[in-house]
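The figures here come from the full heavy-atom set of this structure, side chains too, leaving out hydrogens, waters and symmetry mates. Each chain gets a letter, A, B and so on, in the order the sequences are listed, and its residues count up from 1.
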Amino acid sequence: MPELPDVALYHRLLDAHGLGREIAEVRVSEPRILAGIDAGGLAARLVGGRLAASRRHGKHLLARIDRGGWLTVHFGMSGRLAAYDDPADAPAHERVRLRFAAGGFLGYVNVRLLGRVGWTEDADAFIAEEGLGPDALDPRFDAGALAAALAASRRDVKTVLMDQSVIAGIGNVYADEILFQARIHPRRPARRVAGGEAERLYGALWTVLETAIRCGAGAEAFLDRLPAGFLLPERHSGGHCPRCGTALAVVKIGGRTSYFCPRCQDGAG
DNA sequence: CGTTATGTTCGATG
DNA sequence: GCATCGAACATAAC
C-alpha cells in the first residue's frame, strides 16, 4: 500500500531494524526489480557497509551507506519492507534481502514487479532526476505553494494532487481521502480551487497524511484505528459517505478509480 | 474467464 | 507545449 503514509512506516521499520548495522550479505532473487545496477554491483556497494542514515521523499525511500552512496527503494503498487530474524520467516515474493552481521534480515517484498531498487551516489540528485516535486509533508510546501500549483494547471484537482512532479507522495487512495475531507469534487478544475478552499485542501492534505501515519497506514486494523469520518473504510463499491450516508459515486479519473460523495463534495466551487 | 488493484512510463491523439 | 487516453509492465484475488 505504498503511498506516502505507507512509505513513512517502512522508513521507521528500516530505521528500527537496519540503522547503524553492518550488512553481511545481499541476495537478489529477482534481478528485474533492480534499476541501473546489477546484483553484483549492489552487493559490492552494500556488503561490509553500515546503514548510516535514511530519508523518505514522496513514495521513495533512501538509505545511506556509511562509506558513501544511497540505496534507493520504490514500492510500486504492491511493494513493502519486512523485518525478520529467522530466514524461515522470509515472506513470499521477497525480491531483495539484506542480512545483517549481527543477525536479522530486511526484505524488500513485491508481488508485482512495478517497484524498483537501485543505487545513487547523491540523494538530492536522484530526487531531481526522478523529477519529484516537494514532499507533501515538507513544511516548505505550504498552502501558498499548493494554491500556486493549482492555479497553474488546467487539469482536474485530483490529477494535480497525484502528480509527483508537483507534490511527491500522494496516490490514488489518499487523493480521494484528501478531497473528501476538503469536500471538493475530484473532477473540479484545479484552477477553480482557490482562496479559502485551497487553504482547506492544504489542511486536509496535512491532516489526512499525518493521521494515516499515526494510525499505522497499511498495518493490521488500520482502518479500524482511523477516526470516524474517514472515507477509506468505505472506499469500495457499495460504500457510503461517512458524513451523510449517500452512496459513494465511482468514476475514472486519469485511468484510476475515484470514489467520492456526490452530495458532500462540491463540483462547482 | 474477465475485472480490478495503493504506480509509473510511453506512444498516439486532440 | 499541454492534456488525455490506453497500453504496458507482472501477479494475485475476487
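Straight-line distance from the CG atom of A/D163 to the C1' atom of B/dT9: 13 Å, rounded to whole Å. Atom CZ in A/R154 sits roughly 19 Å away from atom P in B/dG14 (whole-Å rounding). In this structure, A/M162 atom CE and C/dC5 atom C1' are separated by 14 Å, rounded to whole Å. One can place CD1 of A/I33 at 10 Å from C1' of C/dA10, the figure rounded to the nearest angstrom. One can place CG of A/L232 at 11 Å from P of B/dT6, the figure rounded to the nearest angstrom. The CD-P distance, from A/E94 to C/dT11, rounds to 16 Å in whole Å. In this structure, A/L114 places its CG atom 10 Å from P of B/dT8, rounding to the nearest Å. When the P atom of C/dA12 is taken as reference, atom CZ of A/R112 falls 11 Å away, rounded to whole Å.
Considering only heavy atoms from C-beta on, A/L132 stays 4.5 Å or farther from A/F126 through its side chain.
The phosphate of B/dA5 (OP1 or OP2) has a side-chain N or O of A/K252 nearer than 4.0 angstrom. OP1 or OP2 of B/dG7 has at least one side-chain nitrogen or oxygen of A/K59 nearer than 4.0 Å. The side chain of A/H74 places no N or O atom within less than 4.0 Å of a non-bridging phosphate oxygen (OP1 or OP2) of B/dG7. Between A/H93 and the phosphate of C/dA12, there is a side-chain N or O to OP1/OP2 separation shorter than 4.0 Å.
Summarising the geometry of A/L106 relative to A/A83, their closest heavy-atom pair is CD2-CB, 4.0 Å, with the distance given to 0.1 Å.
A salt bridge is absent between A/D156 and A/K158: the closest approach of a Lys/Arg side-chain nitrogen to an acidic carboxylate oxygen does not fall below 4.0 angstrom.
The side chain of A/Y259 sits closest to B/dA5 out of B/dT8, B/dA5, C/dA12. The side chain of A/S153 lies closest to C/dA3, out of C/dA3, B/dT6, C/dT11.
Side chains of A/N110 and A/Y108: a donor-acceptor N/O pair is present below 3.5 angstrom, by distance only.
For C/dG6 and B/dT4, the P atoms lie 12 Å apart once the distance is rounded to whole Å. Taking the P atoms as reference points, B/dT3 lies 12 Å from C/dA7, given to the whole Å.
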Discussion item. Test ring pair (Phe, Tyr, Trp, His ring centres under 6.0 Å) on A/F260 and A/F180; report intermediate values, then the result.
Written reply: CA-CA 6 Å; A/F260 65 98; A/F180 175 74; over 10 Å; no
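A 3.5 Å limit on both hydrogen-bonding distances identifies no Watson-Crick or G-U partner for B/dT6.
Among the heavy atoms of the strands lying under 4.0 Å from A/T257 are primed sugar atoms or P, OP1, OP2 only; no base atom is included. Heavy atoms of A/G76 sit under 4.0 angstrom from primed sugar atoms or phosphate atoms, though from no base atom.
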